[in-house]
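Encoded as structure tokens, the structure appears first; notes follow it.
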Number of protein chains: 2
Amino acid sequence: MMDLTRKGEYAIRGIVYLAARQSDQVCLLSDIAAAVDVPQTFLAKIFQQFSKIGLVRSYRGTGGGFVLGRPPEKITLLEVVEAVEGPIIPNRCVTGEGECSRTSSCNVHPVWVKVQTQVKDILEKVTLKDLAGL
Amino acid sequence: MMDLTRKGEYAIRGIVYLAARQSDQVCLLSDIAAAVDVPQTFLAKIFQQFSKIGLVRSYRGTGGGFVLGRPPEKITLLEVVEAVEGPIIPNRCVTGEGECSRTSSCNVHPVWVKVQTQVKDILEKVTLKDLAGL
DNA sequence: CCCAAAAAGACTATTTATGTCCTGTTTAGT
DNA sequence: ACTAAACAGGACATAAATAGTCTTTTTGGG
């Protein structure tokens with residue numbers, strides 16, 4: 001339970017590597033992939049997701065590549081993880097979509113809410129600056 | 001991320017139902033399954049796992065069924081969840097099997113340890129007594 | 001012996017995870 | 001304009017995990 005998938009692991013490795021570079025230096029995907037030991041095509045998908053929500057900025061064409069979308073201290077681990085793994089939901093109940101039809105008698109519900117809150121809280125306090133050792 | 005599977009959900013429902021019964025009353029699997037709306041054959045597998053580690057006690061043959069293995073206040077939600085979902089491991093690193101070959105530079109590692117500790121802590125403090133509303 | 005009930009193992013279907021591949025689009029440089 | 005470099009996006013492939021089902025065996029009671 002609670003495990004990060006490979007995608008999430010790769011995502012962290014990749015963006016932490018990028019965060020450790022100079023902010024004005026455009027990084028090639030191929031370089032990042034080689035450096036963090038992740039299949040390039042797979043990492044491409046991950047960085048596309050990052051790009052869509054602005055965690056990274058991409059430049060196409062010759063001389064293109066990726067740079068961090070914001071300063072490393074402004075990007076949290078929570079954002080990175082949720083970008084590729086989806087929201088942190090320990091149980092379907094927590095989605096609030098009324099799926100927990102037995103809510104009235106469901107004493108478990110508040111426990112999951114607590115778990116969710118705690119985990120998000122931890123991940124939110126860690127930034128790429130911390131992770132990149134800056 | 002962090003989601004409980006159906007198996008885990010069913011497991012909780014089933015054992016909470018059992019906890020809410022009289023402790024001397026042997027419950028039929030078929031009754032439990034019907035009450036908590038879970039396929040009986042699937043629930044059977046789950047209760048077998050419970051039985052192996054003593055969370056429930058089973059009686060075979062006529063008049064058989066299940067009873068809780070210990071008083072409800074002595075069984076934690078953590079035990080129930082880990083019984084069917086496996087240990088709570090937010091990242092492979094935490095297993096301590098030396099899989100995190102990049103440990104030296106891995107600032108992410110301690111974060112996962114913290115997550116693991118926090119979550120286990122929350123789930124450990126909730127007992128079946130609480131969940132069954134006793 | 002016969003029946004009721006759980007245990008155990010084999011089997012199946014669906015979904016998710018983990019990638020790969022191909023084609024398109026953008027951009028820099030000549 | 002042409003070409004090569006580099007990301008974008010969609011379709012596809014394979015393997016593993018999830019979510020069950022089915023059948024047979026074991027056990028206990030009457």
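The structure presented is a predicted model; accordingly, all values stated were derived computationally and were not measured. Lettering follows sequence order; numbering is per chain, from 1.
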Counting only side-chain N and O atoms of [X], is one of them less than 4.0 Å from OP1 or OP2 of [N]?
X      : N       : value
T5(A)  : dT16(C) : no
S30(A) : dA6(D)  : no
T41(A) : dT20(C) : yes

Has the side chain of [X] got a donor or acceptor that lies under 3.5 Å from a partner of the other kind on the base of [N]?
X      : N       : result
R60(B) : dT26(D) : yes
K45(A) : dG10(D) : yes
T62(B) : dG30(D) : no

Find the distance [X]:[atom1] to [N]:[atom2] and express it as a whole number of Å.
X      : N       : atom1 : atom2 : answer
D31(A) : dA5(D)  : CG    : P     : 14 Å
L28(A) : dA28(C) : CG    : P     : 15 Å
R57(B) : dA5(C)  : CZ    : P     : 20 Å
Y10(B) : dT21(D) : OH    : P     : 9 Å
F50(A) : dA8(D)  : CZ    : P     : 13 Å
Q40(A) : dA5(D)  : CD    : C1'   : 12 Å
Q49(B) : dA8(C)  : CD    : P     : 11 Å
R6(A)  : dT16(C) : CZ    : C1'   : 14 Å

Looking only at heavy atoms, what is the nearest atom pair of [X] and [Y], with distance?
X      : Y      : result
G64(A) : L28(A) : O-CD2, 3.5 Å
I75(A) : L68(A) : CD1-CG, 3.9 Å
V84(B) : I46(B) : CG1-CG2, 3.9 Å

*Mapping G65(B) and E85(A) to their closest nucleotides on DNA chain C, which lands nearer the 5' end?*
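On the 5' side of the pair lies G65(B).
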Listed nucleotide nearest any side-chain atom of [X], set [options]:
X      : options                  : result
F42(A) : dG19(C), dC7(D), dA6(C)  : dG19(C)
S58(B) : dA6(C), dA17(C), dA8(D)  : dA6(C)
P39(B) : dG20(D), dC7(D), dA6(C)  : dG20(D)
Q48(B) : dA17(C), dA8(C), dT18(D) : dA8(C)

*Taking NZ, NE, NH1 and NH2 as the nitrogens, is one of them in E79(B) or R70(B) under 4.0 Å from a carboxylate oxygen of the other?*
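Yes, this pair counts.
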_Charged tip of R57(B) within 45° of Y59(B) ring normal and under 6.0 Å_ = no
*Looking at every strand, decide which applies to Y59(B) at a 4.0 Å heavy-atom threshold: base, sugar-phosphate, or nothing.*
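Sugar-phosphate only.
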_5′-ward residue of the pair G61(A)/K52(A) relative to DNA chain D_ =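 Of the two residues, G61(A) wins.
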_Check: S51(A) side chain, F47(A) main-chain N or O, donor-acceptor pair, under 3.5 Å_ =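 Looks like no, no N/O pair under 3.5 Å.
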